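Report on the following structure.
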Amino acid sequence: MPSDAYGDTGLSGQTAPLTSPLPRIRNVPAEIARSWLLVPATQPETFDAALASRADAVVLDIEDAVDPSHKSSARQDVAQWLRGGGRAWVRINDVSSEFWADDVAELRNIPGLLGVMLAKTESAEQVKETYHRLDGKTRVLALVESAIGIEEANNIARAEGAFRLAFGSGDFRRDTGMSADREAMAYPRAKLVVASRVGNLPGPIDGPTVGTNHPVLREQSAITVSMGMTGKLCLQADQATVINEVISPAPSDVAWATDFMADFDARGGVIRDGSDLPRLGRAQKIMKLAVAFGVQPAS
């Protein structure tokens, strides 16, 4: 029986040094991107390698990863790289900070900017203001990192310019005193999933797993999927492979969807009972993701 992962319908820390670039093997749309690699903006020598990694999306971080005294130079390095042909997302400072206005001014209409990740989002107005300050076209990924942000998630998801929600789990735990246990984090994760649905946004992006233990990363990525989240932040390039694998449909899921669609088409698309429509929706979703991620059905 296929799994239910594809059902019916404060971040900080340093990115590990990236080695020589590998060939880019995919171009996954940001709406369904699974692995979001945060790269400190103070390490411009790693930008090209990050872009060539297996991460679905690269986020150059000029917020938590940059000391206040280096904000200006890091921002300029990011802008120079983008103008020189680089393409990436940028995590900017929160609206209440002294750095936000300079961030959006520097990035406004800049070539190569795929969108911004707005740190410490706590209101719909912050998303809207960022969106319009940029150019009224650039996508704003709202990073929710506090109790206020979680409780405002429905409004944030419906804000003009909101593209997707992400969970700043580290800062959220610091704000609330909650542990990292699955049970403790169930509410904020579920809140972001429900809010994304309310706002008609793609599935939200989970917080990162700190450390280099891949079995732990795999386990936590499975929790991400079980909660209905469809992406995960990562702090090291080699985490992307594990995240991508776990968040993708399993080959057995793809085999089930392929068989179901073949049978459905063979009977002329006739609905036989009340379970056919939910199963059809599930199969179509799996097939769409399988094509995007290059997952082959199990033989």
Side-chain angles (χ1 to χ4, degrees), residues 10-66 74-75 77-78 81-82 85-93 107 112-119 139-145 163-171 202-214 216-218 220-221 224-225 229-248 292-294:
L11 301 170
S12 62
Q14 297 295 306
T15 299
L18 297 168
T19 56
S20 58
L22 296 172
R24 186 74 172 178
I25 62 171
R26 64 177 64 85
N27 185 21
V28 176
E31 289 81 0
I32 58 173
R34 301 155 294 181
S35 50
W36 291 73
L37 176 61
L38 287 162
V39 181
T42 52
Q43 300 174 12
E45 70 278 3
T46 69
F47 293 175
D48 287 339
L51 192 64
S53 75
R54 294 183 180 273
D56 285 346
V58 171
V59 185
L60 307 181
D61 186 3
I62 56 177
E63 195 237 355
D64 268 2
V66 180
R75 185 188 303 118
D77 285 342
V78 166
W81 184 79
L82 290 172
R87 292 174 58 81
W89 291 71
V90 177
R91 178 161 78 161
I92 62 174
N93 291 275
L107 295 173
L113 180 67
L114 300 180
V116 298
M117 177 182 288
L118 179 61
R139 299 174 290 190
V140 178
L141 198 163
L143 184 61
V144 179
E145 309 183 70
F163 168 71
R164 204 168 167 183
L165 304 181
F167 185 28
S169 51
D171 280 339
I205 300 160
D206 202 1
T209 295
V210 178
T212 59
N213 188 313
H214 280 192
V216 171
L217 175 62
R218 184 175 296 276
Q220 294 191 1
S221 298
T224 296
V225 174
M229 307 182 91
T230 57
K232 186 171 173 64
L233 299 171
C234 52
L235 304 176
Q236 299 173 0
D238 64 356
Q239 291 182 328
T241 301
V242 175
I243 292 170
N244 290 348
E245 179 186 344
V246 176
I247 296 182
S248 297
F293 301 150

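Just so you know, residue 1 is the first one in the sequence shown, and it goes up from there. In what follows, every heavy atom counts, from backbone to side chain, and hydrogens, waters and symmetry copies are set aside. Nothing here was measured: the structure is a model prediction, and the numbers come from that model.
The shortest heavy-atom contact between Ile62 and Ala41 is CG2-CB, 3.2 Å. For Phe47 against Asp77, the heavy-atom pair with the smallest separation is CE1-O, 4.3 Å. Ala292 approaches Ile32 most closely through the heavy-atom pair CB-CD1, 3.5 Å. Residues Val246 and Val225 come closest through the heavy atom pair O-CG2, 3.7 Å. The minimum heavy-atom distance linking Leu143 with Gly168 is given by the pair CD1-N, 3.6 Å.
The backbone N or O of Ala119 lies less than 3.5 Å from no partner atom in the side chain of Asn93, so there is not a single donor-acceptor pair. Judged by distance alone, with hydrogens and angles left aside, the side-chain atoms of Gln239 form no donor-acceptor pair with the main-chain N or O of Leu233 at under 3.5 Å.
Scanning for side chain to side chain donor-acceptor pair (under 3.5 Å) contacts around Glu245 gives Arg218, with sequence neighbours left out. Every side chain to side chain donor-acceptor pair (under 3.5 Å) that Thr230 has, sequence neighbours left out, goes to Arg164. Applying the ring-ring contact (aromatic ring centres under 6.0 Å, His included) rule to Trp36 yields the partners Trp89; only residues at least two apart in sequence or on another chain are considered. Remark: Ser35 pairs with Ala55, Asp56, Cys234, Ala240, Ile243, Asn244 by the side chain to side chain contact (heavy atoms under 4.5 Å, CB included) rule, at least two apart or across chains. Qualifying side chain to side chain contact (heavy atoms under 4.5 Å, CB included) partners for Arg87, counting only residues two or more places apart in sequence or in other chains: Leu114.
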Practice prompt. Under the side-chain contact (heavy atoms from CB on, under 4.5 Å) rule, what do Gln220 and Asp206 come out as? Steps first, then yes or no, please.
Written response: CA-CA 10 Å; Gln220 294 191 1; Asp206 202 1; over 6 Å; no

Practice prompt. Might you work through the side-chain contact (heavy atoms from CB on, under 4.5 Å) test for Val59 and Leu141, ending with a clear yes or no?
Written response: CA-CA 11 Å; Val59 185; Leu141 198 163; over 6 Å; no

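With values rounded to the nearest 0.5 angstrom, Ile247 atom CD1 is found 8.0 Å from Arg34 atom CZ. Atoms CG and CZ, on Leu60 and Arg75 in that order, are 13.5 Å from each other to the nearest 0.5 Å. Note that CG of Asp64 and CD of Glu145 are 6.5 Å apart. Values are rounded to the nearest 0.5 Å.
Residues Thr209 and Lys232 meet the side-chain proximity criterion, which asks for heavy atoms closer than 4.5 Å. In this structure the side chain of Leu82 reaches within 4.5 angstrom of the side chain of Leu107, judged on heavy atoms. Residues Ser248 and Phe293 meet the side-chain proximity criterion, which asks for heavy atoms closer than 4.5 Å. Looking only at side-chain heavy atoms (C-beta outward), Leu38 and Pro208 stay at 4.5 Å or farther from each other.
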